[in-house]
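In this chain, residues are counted from 1 in sequence order.
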Amino acid sequence: GGLAQGDTKGVSLHTVARADRISTQRAAAMDQFGGQGGQGDEKAEQVAAMAQFTKLLESQKTIAKLTGKCFQACVPSAGKSLANAQQLCLWRCAQRYMETQYFVQRYCEDKIQAGTWSAPA
């Protein structure tokens, strides 16, 4: 049983909100370690621009991975249009991919915050 089409917005919006929070944390870290003495507004603008660029890059990477994996799994041979079964397969694949990405991200963040994360050898 998958989620209804309307249910995906909650996952996607939550994922975006979490990505936003992570980018803000990265920006704060960049600001903290980027140099002391601060150039004020110019430095803050650079950090914000870098955080926004990083967010965009991560989103595009996720979309590219999702598209590649799902298209390969659901469309054995491309034609002029997609059959209904292929469209449904793509929809379900994308949904599963986003839910899995969210779960893994949440799991890792929880482990890091709890201080129980151990890097792989």
Side-chain angles (χ1 to χ4, degrees):
L3 297 172
Q5 186 172 356
D7 293 339
T8 61
K9 290 183 182 173
V11 172
S12 298
L13 291 177
H14 195 76
T15 302
V16 168
R18 186 168 289 280
D20 220 6
R21 193 166 49 250
I22 290 168
S23 292
T24 302
Q25 291 168 351
R26 284 183 187 159
M30 287 171 55
D31 194 32
Q32 180 180 359
F33 298 112
Q36 289 75 22
Q39 278 75 17
D41 291 340
E42 184 179 323
K43 178 128 178 104
E45 286 176 17
Q46 288 175 347
V47 169
M50 182 57 86
Q52 186 175 6
F53 178 74
T54 301
K55 231 189 314 188
L56 176 63
L57 190 60
E58 290 300 318
S59 295
Q60 289 183 347
K61 284 170 45 177
T62 298
I63 290 169
K65 284 181 191 177
L66 183 147
T67 302
K69 289 182 183 299
C70 292
F71 198 82
Q72 185 177 18
C74 296
V75 184
S77 60
K80 290 184 179 184
S81 63
L82 295 173
N84 286 339
Q86 291 172 328
Q87 290 178 20
L88 184 59
C89 179
L90 287 167
W91 173 259
R92 289 180 176 161
C93 178
Q95 179 66 36
R96 276 192 311 270
Y97 187 87
M98 293 304 291
E99 288 172 355
T100 302
Q101 288 292 103
Y102 172 73
F103 172 80
V104 170
Q105 182 178 7
R106 180 92 188 257
Y107 176 83
C108 293
E109 287 174 359
D110 289 347
K111 288 285 191 182
I112 290 169
Q113 286 178 357
T116 58
W117 180 265
S118 55

- Rounded to the nearest 0.5 Å, what's the gap from CG on D41 to CD on E45? Could you check? 6.0 Å
Which donor-acceptor pairs under 3.5 Å do the side chains of residues 65-80 make with protein atoms, sequence neighbours left out?
| unit_1 | atom_1 | unit_2 | atom_2 | d |
| --- | --- | --- | --- | --- |
| T67 | OG1 | I63 | O | 2.7 |

- Note on the structure: CZ of F53 to CG of L56, rounded to nearest 0.5 Å, is 7.0 Å
- Query: Taking Y102 as the fixed residue, which of R106, Q105, E99 is the one that meets the side-chain hydrogen bond (donor to acceptor under 3.5 Å, both in side chains) rule?
  - Reply: R106
- If you measure from the Lys or Arg side-chain nitrogens to the Asp or Glu carboxylate oxygens, is any gap between K61 and E58 under 4.0 Å? yes
- Item | Partners passing side-chain contact (heavy atoms from CB on, under 4.5 Å) against Q87 (at least two apart in sequence or in another chain) | L82, N84
